[in-house]
There are 2 protein chains.
Amino acid sequence: MAVTMNDVARAAGVSLKTVSNVLNDYEFIRPATKQRVQDAIAELGYEANLTARSLRSGKTSMLGLVFSDLSAPYYAELASRLMKAASRHGYRVLVEQSGADASVELSALHGTFRQLTDGLLFTPLVVDADAIAARAGTKPLVMLGEHIIDPRFDLVTMKNEEAAAALTTHLLQAGRRRIAVIGANAGESTGTAGLRMNGYRKALEQAGVPFDAGLVAPAQWRRDTGAAAVAGLMASGVQFDAVFGLNDVLALGAMHELLIRGVNVPGDVAVAGFDDIDEARFASPSLTTISPGMDEIAERSISLLLDRIGGRETSGQGVHVESGFELKIRESAP
Amino acid sequence: MAVTMNDVARAAGVSLKTVSNVLNDYEFIRPATKQRVQDAIAELGYEANLTARSLRSGKTSMLGLVFSDLSAPYYAELASRLMKAASRHGYRVLVEQSGADASVELSALHGTFRQLTDGLLFTPLVVDADAIAARAGTKPLVMLGEHIIDPRFDLVTMKNEEAAAALTTHLLQAGRRRIAVIGANAGESTGTAGLRMNGYRKALEQAGVPFDAGLVAPAQWRRDTGAAAVAGLMASGVQFDAVFGLNDVLALGAMHELLIRGVNVPGDVAVAGFDDIDEARFASPSLTTISPGMDEIAERSISLLLDRIGGRETSGQGVHVESGFELKIRESAP
DNA sequence: CTGAAAGCGCTTACAG
DNA sequence: CTGAAAGCGCTTACAG
């Protein structure tokens with residue numbers, strides 16, 4: 001068996017409570033006592049049993065993170081940063097992939113996964129606010145992303161609409177007039193895709209360029225679907241001089257398809273994305289995109305969640321945090 | 001408070017043990033009793049407390065996964081698959097990023113992280129076999145990758161040497177004679193880089209092409225360092241007609257640098273990588289690489305670890321599993 | 001087939 | 001400042 005607090009107490013000649021006091025940095029311990037306990041801990045190689053501590057205290061020092069798929073670069077890069085930020089505060093992150101499946105998203109809100117964590121960072125893709133509110137329980141919950149923007153929930157997001165407008169304006173200023181959009185969800189005006197579409201439309205409007213629904217191609221947010229969407233557009237004879245992928249992998253897939261078909265990028269068609277994943281910088285041509293400030297998002301998400309857990313944030317309403325963004329102009333759309 | 005087993009027992013009019021029996025699929029329960037318990041569980045919305053179960057049973061139903069950085073595409077794609085495979089067996093995966101830091105790698109072997117998990121999938125990058133053996137403890141441990149190949153440890157890996165040789169031979173057969181290698185570790189002949197280098201050298205030898213140390217550029221395995229390595233090679237006037245990146249992100253970074261400098265790929269210089277991350281297929285030009293069979297690696301890693309945990313694998317020696325590979329010939333090196 | 005009891009390793013009022 | 005005791009919610013021999 002592993003060394004327990006009891007063993008330490010015996011070795012140091014003190015009671016269990018005193019060992020616990022030392023472990024939990026209780027203030028009023030005689031220095032000599034503290035030293036004896038610490039010596040015993042070092043000598044025996046004692047390591048606290050987190051499971052026992054959790055059972056008793058109800059705290060696990062773990063945070064839950066739910067999104068659709070860890071193999072998507074944006075989520076992988078975000079998860080990596082979230083873990084590092086959490087680690088600086090003594091927390092681990094337990095990841096759950098929902099696969100954009102409603103039942104998985106809902107079950108992440110309770111049951112084992114919820115028990116195992118002190119708070120949840122949640123990027124729902126399909127369930128709605130009411131369903132979440134009905135099952136969210138009492139532990140802190142912070143929404144990541146923009147599927148749900150609701151005063152009942154804390155939320156960390158970025159200026160999607162503004163950023164998409166800035167990107168579109170950049171394309172317009174470069175003389176592009178027929179900007180295809182890939183990755184839209186038909187008729188949606190909320191959610192990440194919807195907000196970015198709003199930005200696109202506002203920029204067009206401001207420039208006096210009419211919106212053409214024929215330029216909008218729905219697609220799941222992957223490389224292969226981005227490529228297929230461009231292929232579909234070309235097959236149906238739609239003319240365009242730019243492609244705005246609603247995220248980077250869509251744009252990268254689209255660019256691949258264009259290049260394969262001998263279309264010059266950016267000569268014939270400019271391509272732009274959204275997310276600024278590491279790959280965007282090293283694509284050929286490198287990808288013009290929006291950097292959402294992932295470091296800031298990670299840092300502030302963890303801070304907000306830990307403030308809720310620690311009771312330092314007590315607002316009854318949801319707190320909404322919005323990170324800044326930066327337009328990264330690269331070769332694919334100078 | 002949450003609903004406990006006690007509440008269920010009371011509602012069903014049975015003892016705690018009977019509820020536990022139902023929960024753990026104990027065989028000999030009277031159907032009527034079982035039904036009553038299940039009804040009570042459903043009615044009360046009871047959910048087992050995993051922490052309490054863990055404390056008592058010593059099992060956590062979590063697996064540990066340690067590698068350097070989740071934002072590296074290979075690790076992200078592998079982690080995603082490992083989680084899915086683990087999930088099919090009722091396990092979760094807790095990820096720890098070591099940042100290739102020796103002290104983090106070592107501390108993942110014991111302490112909280114180890115307690116929290118029933119077994120460990122470990123990709124060490126810097127610590128050696130003896131250091132691991134000294135601290136590995138008694139819980140199952142499966143090595144992933146080839147930094148350590150030691151009969152004391154279970155290991156899941158792939159035919160690195162053979163695959164690198166096959167790739168090099170492909171380049172040679174296409175007429176390339178000066179194949180630069182990016183990502184080597186000076187003088188190393190074990191570990192992933194070392195094994196792939198061995199394969200490269202064997203293929204050269206077999207083709208009667210002399211090895212030229214001037215063509216070997218050390219680099220960490222990232223895009224930016226791959227780009228910098230190629231830039232360094234060109235700056236020092238080394239001539240080459242192909243680049244073998246020891247993994248895909250190195251190759252992709254290298255390709256980016258070549259294209260920026262107006263080098264035609266594959267016309268002037270062929271480029272090949274290793275890993276077959278999703279991005280390789282959609283790069284422009286698409287990347288010739290080795291597919292290590294990530295699905296197979298994920299599936300077999302989880303199987304082996306769970307067999308150890310369940311006591312179904314009892315070999316005293318380490319079990320070594322080697323997955324197959326496939327050469328993916330694409331545009332960057334036809 | 002089912003029940004009563006002990007105990008996993010901690011934390012936390014409650015005393016002193 | 002420190003100790004003795006209860007208890008978090010389970011599982012597991014041990015009886016019967």
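To find a chain, count down the sequence lines: A is the first, B the second, and so on, and within it residues start at 1.
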Report task. May I ask you to decide whether A:D7 forms a salt bridge with A:R10, counting only side-chain N to carboxylate O separations under 4.0 Å? Result -> yes

Report task. To the nearest Å, give me how far apart CG (A:L23) and P (D:dT2) are. Result -> 15 Å

**Report entry** ring pair (Phe, Tyr, Trp, His ring centres under 6.0 Å) contacts in which one or both residues fall within residues 47-105 of chain A, not counting sequence neighbours
**Finding:** A:F67-A:Y75

Query raised in the report: Between D:dT2, C:dG3, D:dC10, which nucleotide gets closest to the side-chain atoms of A:N21?
Result: D:dT2

Requested in this report: Give the rounded distance in Å between these two atoms: CG of B:N6 and C1' of D:dT11.
Outcome: 13 Å

Query - With B:D101 via salt bridge (Lys or Arg N to Asp or Glu O under 4.0 Å) - residues at least two apart - result: none

Requested in this report: Report yes if the side chains of B:L144 and B:L78 come closer than 4.5 Å at any heavy-atom pair, otherwise no.
Outcome: yes

Query raised in the report: Heavy-atom contacts under 4.0 Å between residues 31-44 of chain A and DNA chain D, which residues?
Result: A:T33

Which atom pairs link the protein and nucleotides 5-7 of chain C when you take only N or O atoms and keep those under 3.5 Å?
| from | atom 1 | to | atom 2 | distance (Å) |
| --- | --- | --- | --- | --- |
| C:dG7 | N2 | B:R56 | NH1 | 3.3 |
| C:dG7 | N3 | B:R56 | NH1 | 3.4 |

**Report entry** Test item: B:F113 and B:L120 side chains (from C-beta on) under 4.5 Å apart, heavy atoms
**Finding:** yes

Report task. For the pair A:D278 and B:S71, evaluate side-chain hydrogen bond (donor to acceptor under 3.5 Å, both in side chains) and give the outcome as yes or no after the intermediate values. Result -> CA-CA 9 Å; A:D278 189 50; B:S71 65; over 6 Å; no

Report summary line: By nearest-nucleotide position on DNA chain C, the 5'-leaning member of B:S57 and B:R30 is B:R30

Report summary line: If one requires at least 3 consecutive Watson-Crick or G-U pairs with distances under 3.5 Å, the stems of DNA chain C turn out to be C:1-3 with D:14-16, C:5-12 with D:5-12, C:14-16 with D:1-3

Query raised in the report: With A:R308, which of A:T314, A:D154, A:D118 fulfils side chain to side chain donor-acceptor pair (under 3.5 Å)?
Result: A:D154

Query raised in the report: Between A:D69 and B:K84, is there a salt bridge with N-O shorter than 4.0 Å?
Result: yes

Query raised in the report: Are B:E96 and A:R92 close enough for a salt bridge, meaning some N to O gap below 4.0 Å?
Result: yes

Query raised in the report: Can you name the side chain to side chain donor-acceptor pair (under 3.5 Å) partners of B:R152, sequence neighbours left out?
Result: B:D130, B:D150

Query raised in the report: Does B:S20 put a side-chain nitrogen or oxygen below 4.0 Å from OP1 or OP2 of D:dT11?
Result: yes

Query raised in the report: Between atom NZ in B:K59 and atom P in D:dT11, what is the gap in whole Å?
Result: 14 Å

Query raised in the report: Between B:T112 and A:E47, do the side chains contain an N or O donor and an N or O acceptor separated by less than 3.5 Å?
Result: no

